[in-house]
Amino acid sequence: MRTQVAIIGSGPAGLMLGRLLSRAGIDNVIVERQSADHVLSRIRAGVLEQGSVELIEQAGIGERMRQEGIVHHGTVLAFDGDSHRFDFTDLVGRSVMVYGQTEVTRDLMRARNTDGAPSVYDAAHVAIHDIDGARPRVTYIRDGQTHEIACDFVAGCDGFHGAARASIPADAIRTFERAYPFGWLGILVDRPPVADELIYAHHARGFALCSMRSPTRSRYYVQCAIDEKVEAWSDERFWDELRRRLPPAAADALQTGPSIEKSIAPLRSFVAEPMRFGRLFLAGDAAHIVPPTGAKGLNLALGDVRYLAGALIAHYRDGSDAGLDGYSAKALARVWKAERFSWWMTTLLHTFPDMGPFERRMQRAEFDNLVSSRAAAMAMAESYAGPPY
Ligand code: APR
Ligand code: PHB
């Protein structure tokens, strides 16, 4: 098989890149290790920056998001029971949209079917060859047979554990990493959300987050030890712990029920530089990871492919490689902003095992500063709602 751009990975980064390229008349093939159903069964975050909402609209897949998504004009931060609402619209004239990553992925997959663009699912042993030459190739095994795709470029959109970044020689890439000494235990429940907007709560027992997927489905998290086992958490234990960490009014209003999903995710900050090697371009989790505090992961993935699609379109349409040459630096500038914000919000809101009284007072001073200084609140709101493109 031959194509112009081979895309590894059918997450939001790969699918959005494919959609933008297809609409510009650029041939692309997606090669994914898992089945489509498996990809759609993963539960991920669900807050879209305004720039992500605009990209989804531009890609012509905004209809369901417009109907089912929930616009949030602000969020609540709570600290040891004291809570404060930050009004993004008042502070920076922007808002966010609550619409699950799974739904964005579903909308993109449907659009890809309509476009008639090829996707290969259940592809094993995906390997990338000759990326430092003019004729890269992607090979994979499916149904016991080896297949090959010859292409002009490879887009590595295959997540943190994918094949793309791993195929770059170690001396051509530099990585930066922090693993946090705790995880998030998350629960999905068919009960209305406790509040109209998200509540991010700091508590001495650990961080808690109240989020949502729809007016009838909620997503809640509590910080837990890194080695915690999900089996040790009955629904009852989860609800008890969540209630203890929330401001009293929220704890009283909480509607509990049987969980329909429960899992533990580790927290990590990670960046690989540069995001290009020869004809291979990395995008999304393949190049960087943020802790979920602040919900930047999906937004960063969409930001990368927005830049990458623009650069590839300029290559094919105008014969200009300036965009491809500048891709890594342009994407990384946005990535590091989101890394800073996610790290800062994680540090502000979590209880770290090695914290002393000074560090705890610093967290409180940071919270008080956000509440009392409009300039500090504006900076927070700008990062949360997403800096303009
Ligand atoms: N070959 C082919 N496909 C692969 C391989 C491989 N070797 N390894 C991983 N994949 C696939 C995964 O199965 C997955 O479907 O690549 C896809 C990567 O998708 P995501 O993990 O969703 O990553 P991305 O598209 O960059 O989206 C980033 O996902 O993890 C969240 O918080 C993150 O919201 C952010 C978003
Ligand atoms: C979620 O709804 O899963 C969610 C929301 C906000 C975050 C992280 C996760 O910061």
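One-based numbering, in listed order, for ligands and for the atoms of each.
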Query raised in the report: Got the closest protein heavy atom to atom 6 (C) of ligand 2, with its distance?
Result: Tyr200 OH, 3.3 Å

Report task. Under 4.0 Å, heavy atoms only, figure out whether ligand 1 is touched by the backbone of Leu298, its side chain, both or neither. Result -> both

Query raised in the report: For Pro292, is at least one N or O under 3.5 Å away from an N or O on ligand 2?
Result: yes

Query raised in the report: Heavy atoms, side chains only, cut-off 4.5 Å: are Gln34 and Tyr121 in contact?
Result: no

Query raised in the report: Which one of Gly11, Ala286, Ala265, Ser10 has a non-hydrogen atom at the shortest distance from atom 19 (O) of ligand 1?
Result: Gly11

Requested in this report: Please state whether the rings of Phe79 and His202 are parallel, tilted or perpendicular, taking 30° and 60° as the class boundaries.
Outcome: parallel

Query raised in the report: Would you call Tyr220 and Leu209 a side-chain contact if the rule is heavy atoms closer than 4.5 Å?
Result: no

**Report entry** Donor-acceptor pair between Ser259 and Asp235 side chains, under 3.5 angstrom
**Finding:** yes

Query raised in the report: Can you find a non-hydrogen atom of Leu209 under 4.0 Å from ligand 2?
Result: yes

**Report entry** Ring center gap for Trp336 and Phe176 short of 6.0 angstrom
**Finding:** yes

Report summary line: Checking heavy-atom distances from atom 14 (C) of ligand 1 to each of Lys296, Arg42, Gln34, the winner is Arg42

Query - Side chain, backbone, both or neither: Ile8 near ligand 1, heavy atoms under 4.0 Å - result: side chain

Query raised in the report: Any side-chain heavy atom of Thr346 sitting closer than 4.5 Å to one from Trp343?
Result: no

Report summary line: A student checking ligand 1 against Cys157 at a 4.0 Å heavy-atom cut-off should list atoms 16 (O), 17 (C), 18 (C)

Query raised in the report: Atoms of ligand 1 less than 4.0 Å from Gly9 heavy atoms?
Result: 16 (O), 17 (C)

Query raised in the report: Can you tell me which residue and heavy atom of the protein come closest to atom 5 (C) of ligand 2, and the distance to 0.1 Å?
Result: Ser211 OG, 3.5 Å

Query - Enclosure of Arg85 CZ (heavy-atom neighbours >12, cutoff 6.0 Å) - result: yes

Query raised in the report: Between Ala301 and ligand 1, which part of the residue brings a heavy atom under 4.0 Å of the ligand: side chain, backbone, both or neither?
Result: side chain

Query raised in the report: Taking the non-hydrogen atoms of Met345, is any one of them nearer than 4.0 angstrom to ligand 2?
Result: no

Report task. Look at atom 25 (O) of ligand 1 and say which protein heavy atom is nearest, naming residue and atom and giving the distance to 0.1 Å. Result -> Ala13 N, 3.0 Å

Report task. Give the residue, atom name and distance (to 0.1 Å) of the protein heavy atom nearest atom 32 (O) of ligand 1. Result -> Gly297 CA, 3.9 Å

Query raised in the report: Are side-chain N/O atoms of Ser119 and Arg112 paired as donor and acceptor at under 3.5 Å?
Result: yes

Query - Protein heavy-atom partner closest to atom 27 (O) of ligand 1 - residue, atom, separation in Å - result: Pro12 CG, 3.5 Å

Report task. Is it possible for you to check whether Arg334 lies under 6.0 Å from the centre of the six-membered ring of Tyr389, through NZ or CZ, and within 45° of that ring's axis? Result -> yes

Query raised in the report: Where on Arg33 is there a heavy atom closer than 4.0 Å to ligand 1, on the side chain, on the backbone, on both, or on neither?
Result: both

**Report entry** Side-chain heavy-atom pair Gln4, Leu21 within 4.5 angstrom cut-off
**Finding:** no

Query - Nitrogen or oxygen of Val47 less than 3.5 angstrom from that of ligand 2 - result: no

Query raised in the report: Would one find an N or O of Thr293, backbone or side chain, under 3.5 Å from an N or O of ligand 2?
Result: no

**Report entry** Per-atom contacts of ligand 1 with Gly284, taking only distances under 4.0 Å to non-hydrogen atoms
**Finding:** 26 (O)

Report task. Output the list of atoms in ligand 1 that are nearer than 4.0 Å to some heavy atom of Val31, sorted by atom number. Result -> 2 (C), 3 (N)

Report task. Check for a donor-acceptor pair, side chain of Arg276 on one end and backbone N or O of Ser328 on the other, with a separation under 3.5 Å. Result -> no

Report task. Using a 4.0 Å heavy-atom threshold (strictly under), name the region of His38 that reaches ligand 1: side chain, backbone, both or neither. Result -> neither

Query raised in the report: Does ligand 1 have any atom that is closer than 4.0 Å to a heavy atom of Ala45?
Result: no

Report task. Number the atoms of ligand 1 from 1 as they appear, then name those within less than 4.0 Å of a heavy atom of Gly162, with their elements. Result -> 8 (N)

Report task. Just need the protein heavy atom nearest to atom 16 (O) of ligand 1, so name the residue and atom and give the distance. Result -> Asp158 CA, 3.2 Å

**Report entry** Atoms of ligand 2, numbered as shown, that sit under 4.0 Å from any heavy atom of Ala295
**Finding:** 6 (C), 7 (C), 10 (O)

Query raised in the report: How are the rings of Phe270 and Phe160 set relative to one another: parallel (under 30°), tilted (30 to 60°) or perpendicular (over 60°)?
Result: perpendicular

Query raised in the report: Which of the numbered atoms in ligand 1 are below 4.0 angstrom from a heavy atom of Gln101?
Result: 22 (O), 29 (O), 31 (C), 34 (O), 35 (C), 36 (C)

Query raised in the report: Looking at ligand 1, does any of its N/O atoms fall within less than 3.5 Å of an N/O of Gly159?
Result: no

**Report entry** Protein contact of atom 31 (C) of ligand 1 - nearest heavy atom, named by residue and atom, plus distance
**Finding:** Arg44 NH1, 3.1 Å

Report task. Mark the output for Ala123 as yes if a heavy-atom distance to ligand 1 is under 4.0 Å, and as no if none is. Result -> no

Query raised in the report: Going by the atom numbers of ligand 2, which of them fall below 4.0 Å from some non-hydrogen atom of Arg213?
Result: 1 (C), 2 (O), 3 (O)

Report task. Look at atom 3 (O) of ligand 2 and say which protein heavy atom is nearest, naming residue and atom and giving the distance to 0.1 Å. Result -> Tyr221 OH, 2.5 Å

Query raised in the report: Can you check whether His161 has an N/O within less than 3.5 Å of an N/O in ligand 1?
Result: no

Report task. Could you tell me whether some N/O pair between Val39 and ligand 1 is separated by less than 3.5 angstrom? Result -> no

Report task. Mark the output for Trp184 as yes if a heavy-atom distance to ligand 2 is under 4.0 Å, and as no if none is. Result -> yes

Report task. Would you please test His288 and Asp304 for side-chain contact (heavy atoms from CB on, under 4.5 Å) and show each step? Result -> CA-CA 11 Å; His288 41 74; Asp304 290 349; 2.6 Å; yes

Query raised in the report: Taking C-beta and beyond as the side chain, do Phe153 and Pro136 meet within less than 4.5 Å on heavy atoms?
Result: no

Query raised in the report: With side chains defined as the heavy atoms from C-beta onward, is the minimum distance between Met1 and Glu148 less than 4.5 Å?
Result: no

Query raised in the report: Hey, does Tyr384 come in under 3.5 Å of ligand 2, counting only N/O atoms on both sides?
Result: no

**Report entry** atom 23 (O) of ligand 1: nearest protein contact (heavy atom, Å)
**Finding:** Asp285 CB, 4.0 Å

Query raised in the report: Are side-chain heavy atoms of Arg165 and Ile173 found at a separation under 4.5 Å?
Result: yes

Query raised in the report: Do any N/O atoms on Gly294 end up under 3.5 angstrom from N/O atoms on ligand 2?
Result: yes

Query raised in the report: By number and element, which atoms of ligand 2 are closer than 4.0 Å to a non-hydrogen atom of Leu198?
Result: 5 (C), 6 (C)

Report task. For the residue pair Tyr200 and Tyr384, categorise the inter-ring angle as parallel (less than 30°), tilted (30 to 60°) or perpendicular (more than 60°). Result -> perpendicular

Query raised in the report: Side chains of Ser263 and Glu261: is there a donor and an acceptor less than 3.5 Å apart?
Result: yes

Query raised in the report: On the ring face of Phe238, is Arg243 found with NZ or CZ under 6.0 Å from the centre and within 45° of the axis?
Result: no

Requested in this report: Below 4.0 angstrom from a heavy atom of Ala163, which ligand 1 atoms are there? Numbered from 1 as shown, please.
Outcome: 7 (N)

Requested in this report: Taking the side chain as every heavy atom from C-beta outward, state whether Asn28 and Ser22 have any atom pair closer than 4.5 Å.
Outcome: yes

Report summary line: Nearest non-hydrogen protein atom to atom 17 (C) of ligand 1, with distance, is Glu32 OE1, 3.6 Å

Query - Working for side chain to side chain donor-acceptor pair (under 3.5 Å), residues Tyr221 and Arg219 - result: CA-CA 7 Å; Tyr221 298 93; Arg219 180 85 169 142; 2.9 Å; yes

